[in-house]
Protein chains: 2
Amino acid sequence: MTQTQPTMHDVAAKAGVSQMTVSRVMRGTGYISDRVRAKVMTAAAEIGYVHNRLAGGIATYDNPLVAVVVPTLGNRVFTEVLEGISAALDGQGIRPVFGVSDYDPENEARVVLDLLSWRPRGLILSGLEHSDALRQLVAKTGVRSVEVMDTDGDPIQTCVGFSQARAGHDMARHLLDKGYRRIAYIASQNSQDLRAAKRLHAFAETVTQAGAQIIAQRIAAEGSSMALGRRLTAEVMASDAPQAIYYSNDDLAAGGLMHCLANGLRVPQDVALAGFNGLSFLQALPQQITTTLSPRRQIGETAAQLLLSAEPAPDTHVDLGTQLVRGETT
Amino acid sequence: MTQTQPTMHDVAAKAGVSQMTVSRVMRGTGYISDRVRAKVMTAAAEIGYVHNRLAGGIATYDNPLVAVVVPTLGNRVFTEVLEGISAALDGQGIRPVFGVSDYDPENEARVVLDLLSWRPRGLILSGLEHSDALRQLVAKTGVRSVEVMDTDGDPIQTCVGFSQARAGHDMARHLLDKGYRRIAYIASQNSQDLRAAKRLHAFAETVTQAGAQIIAQRIAAEGSSMALGRRLTAEVMASDAPQAIYYSNDDLAAGGLMHCLANGLRVPQDVALAGFNGLSFLQALPQQITTTLSPRRQIGETAAQLLLSAEPAPDTHVDLGTQLVRGETT
DNA sequence: TCTGTATGTGTTTACGTAAACACAAGTCAA
DNA sequence: TTGACTTGTGTTTACGTAAACACATACAGA
């Protein structure tokens, strides 16, 4: 309504105190008598004054903001990481500002540059692979950063996640132990999803070293979904008849199960299925799908805590591990 | 690394121009020769300078930020709205700052107060029901706001969504037309989810006016999931044997379908199922579930655009409508 | 040649807050 | 009664940027 928003001076005038006293009341610092605090609070409420953190930030060099960049909001994995981050920050009165990179390193660098213009306390990135420009930017500006989801490689400073390679290796071992030799791999958006690529690499290595083989590989350009998994499974079953299928994602695996259900294929007798992530919706499916449980929410929480911890602790790798869930589909 | 971060003055000194020229280059305004622009850009890159929007914001009263509050990040519906918002803002160089209310009005008011301290261009809220404190806060500060997902009621200023009541009514009509008379309702977290409550209200009204009845109602306190839907469906089928079940959510409906699949119940002969939202994963299920498609992403996009449009246009209701998807389960 | 306009750059100042410092009044033990 | 400490409040100043204004230079058209 009013053209110029009210300031601490307005509140101070109304409450009959100095601007500095209002500042102290707003931040809850210093010694303030209950009488003055109450006067200031009611004055602020009447005027409709809201603390201005922009001005505060410029005065203190420090503002309660954390920048978060995820590849997409369309994958539940990242929204769960976001949930963890949000929960951890909430307790500390810190807000996340976020950006989406669309799995594109150039885009990511642009988004980070923009986010840094808000002078956040820290930066949370997804994965360990970034453009040189981004790495240099982080180094030059000296922002604290934490990279989430992946620990196979060198973080800029700190990373929290799990070994994608080990997860792939473990699943390969599991399938081999069960006796499957002719194995197919189904993934989505793989060209950009380097974490899935790492899993596949380790998976394939373990499989071939054991004398078994990856007889087919379907990598779709579109985003992950049950529908895609169902379609690709139909294709692979028709052309390659694998004994087992490893999916880059539970969505895809669930789609595969749906294909089997709808076409009278017995799982795992006719084909075994294994997913990745351990999304909770799997529990409601007719058969429990074998998958790898990743601690996504915990990764988000840990990343936020690490970022805000007193001592920077550079070069820290936090591996929260994964858990192989032996379901009924292998 | 350096204790004090570089400023425009540092860049200006390095480039041999004035601070104001650097400012113009950073913002791309005014007349700047290519030679000077290049000098400034390289100087900034070498020093590692990043534009400081906090200082800019305090100088201009205007900063490219939009505050977004959602009830939860655990429901795909809201992350899809977020996707739409993020996409619409991206093109305009504006960032979302967000908060989670956990379906609690008091919490929501607190979060909004905090978000307003960043002096955003506008505020995006979920639903039309808010605490008085929040309404007053928005009124007093004069922030532009848009409420999303619901159009049944009075928005503070503007709302974008669809009529929850009409969605409930339409589904009731559909089930009645198909001849179902004994109908059960299954929901989650309903006490706080007022939009689901509105759908139920209109649904129940239409059902009872037609002489049919809601013979059972299961409303769980926990969050929506397929597993919950499966469990509640088992309960309802055992105790009430309804002809049709209306779920507050596709997750729950899919869980219901899983229960039927796993227990040899024919759908819709033994029981009909209807969900809500039209989530994409339904397409991969063995049977296409009847549901109501809500334009979630479009709601997010429209809300963001409306918020940033030149003229405030108060009291605007934008009803993007819903679409009843006639599946194979009714 | 003169005038007006487009182009390009600099100087001064204000934005709203918080740190640093100053100071006054009250409390309490020696 | 003194001095030290706790409690409570005010004054001055700096933070980094952008608006407003001022001032050049180049060039076209009369």
Side-chain angles (χ1 to χ4, degrees), chain A residues 2-41 43-44 47-65 93 114 116-121 141, chain B residues 2-41 43-44 47-65 93 114 116-121 141:
Chain A
T2 39
Q3 201 62 336
T4 55
Q5 298 225 334
T7 72
M8 280 189 176
H9 287 99
D10 301 324
V11 178
K14 178 127 187 158
V17 296
S18 73
Q19 171 264 317
M20 196 60 224
T21 298
V22 177
S23 174
R24 282 193 263 256
V25 171
M26 287 293 154
R27 289 173 298 140
T29 63
Y31 300 110
I32 296 285
S33 63
D34 290 343
R35 207 177 53 82
V36 168
R37 186 194 316 281
K39 262 201 309 188
V40 169
M41 292 301 255
I47 293 182
Y49 172 77
V50 177
H51 194 189
N52 185 338
R53 285 186 208 264
L54 294 178
I58 165 184
T60 54
Y61 276 96
D62 177 40
N63 34 63
L65 228 41
D114 189 88
L116 287 184
S117 73
W118 296 105
R119 298 290 186 268
R121 291 252 177 101
T141 57
Chain B
T2 37
Q3 202 62 338
T4 54
Q5 298 224 334
T7 73
M8 281 190 175
H9 287 99
D10 301 324
V11 178
K14 178 127 188 161
V17 297
S18 74
Q19 171 264 317
M20 196 61 224
T21 297
V22 177
S23 173
R24 281 193 264 257
V25 170
M26 288 293 154
R27 288 174 298 140
T29 64
Y31 300 109
I32 296 286
S33 62
D34 290 344
R35 207 177 52 83
V36 168
R37 186 193 317 280
K39 261 201 309 187
V40 170
M41 291 302 254
I47 293 182
Y49 172 78
V50 177
H51 194 190
N52 185 338
R53 285 186 207 264
L54 293 178
I58 165 185
T60 55
Y61 277 96
D62 178 42
N63 35 63
L65 227 42
D114 189 89
L116 287 184
S117 73
W118 297 105
R119 298 291 186 268
R121 291 254 178 99
T141 57

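None of the values given here were measured: they were computed from a predicted structure.
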Below 4.0 angstrom from OP1 or OP2 of [N], is there any side-chain N or O of [X]?
{"X": "A:T60", "N": "C:dA18", "result": "no"}
{"X": "A:T21", "N": "D:dG10", "result": "yes"}
{"X": "A:H51", "N": "C:dA18", "result": "yes"}
{"X": "B:S18", "N": "C:dG10", "result": "yes"}
{"X": "B:S23", "N": "D:dA18", "result": "yes"}
{"X": "B:Y31", "N": "C:dG8", "result": "no"}
{"X": "A:S33", "N": "D:dT7", "result": "no"}

Distance (rounded to the nearest 0.5 Å) between [X] [atom1] and [Y] [atom2]:
{"X": "B:Q5", "Y": "B:I47", "atom1": "CD", "atom2": "CD1", "result": "12.5 Å"}
{"X": "B:H51", "Y": "A:D114", "atom1": "NE2", "atom2": "CG", "result": "10.5 Å"}
{"X": "B:W118", "Y": "A:N52", "atom1": "CH2", "atom2": "CG", "result": "9.0 Å"}

DNA chain C: B:R24 or B:A55, which has the more 5' nearest nucleotide? B:R24

So which one's nearest nucleotide on DNA chain C is more toward 5', B:A59 or B:Q19? B:Q19

What is the distance, rounded to the nearest whole Å, between atom [atom1] of [X] and atom [atom2] of [N]?
{"X": "B:I47", "N": "D:dG16", "atom1": "CD1", "atom2": "C1'", "result": "14 Å"}
{"X": "B:L54", "N": "C:dA14", "atom1": "CG", "atom2": "P", "result": "22 Å"}
{"X": "A:M20", "N": "C:dA18", "atom1": "CE", "atom2": "C1'", "result": "5 Å"}
{"X": "A:I58", "N": "D:dT13", "atom1": "CD1", "atom2": "P", "result": "18 Å"}
{"X": "B:W118", "N": "C:dG16", "atom1": "CH2", "atom2": "P", "result": "17 Å"}
{"X": "B:R119", "N": "C:dG16", "atom1": "CZ", "atom2": "P", "result": "9 Å"}
{"X": "B:H9", "N": "D:dA18", "atom1": "NE2", "atom2": "C1'", "result": "11 Å"}
{"X": "B:Y61", "N": "D:dA18", "atom1": "OH", "atom2": "C1'", "result": "13 Å"}

Would you say that more than 12 heavy atoms from the other residues, nucleotides or ligands in this model lie under 6.0 Å from the CE of B:M41, or not? no

Heavy-atom nearest pair, A:A55 first then B:I58, reads CB-CD1, 3.9 Å

For a quick check of understanding: with a heavy-atom distance under 4.0 Å over all strands, which category does A:R27 fall into, base, sugar-phosphate or nothing? sugar-phosphate

Just checking A:M8: base, sugar-phosphate only, or nothing, at a heavy-atom cut-off of under 4.0 Å? sugar-phosphate

With nearest nucleotides of DNA chain D determined for A:I32 and B:V22 from heavy-atom distances, which residue corresponds to the more 5′ nucleotide? A:I32

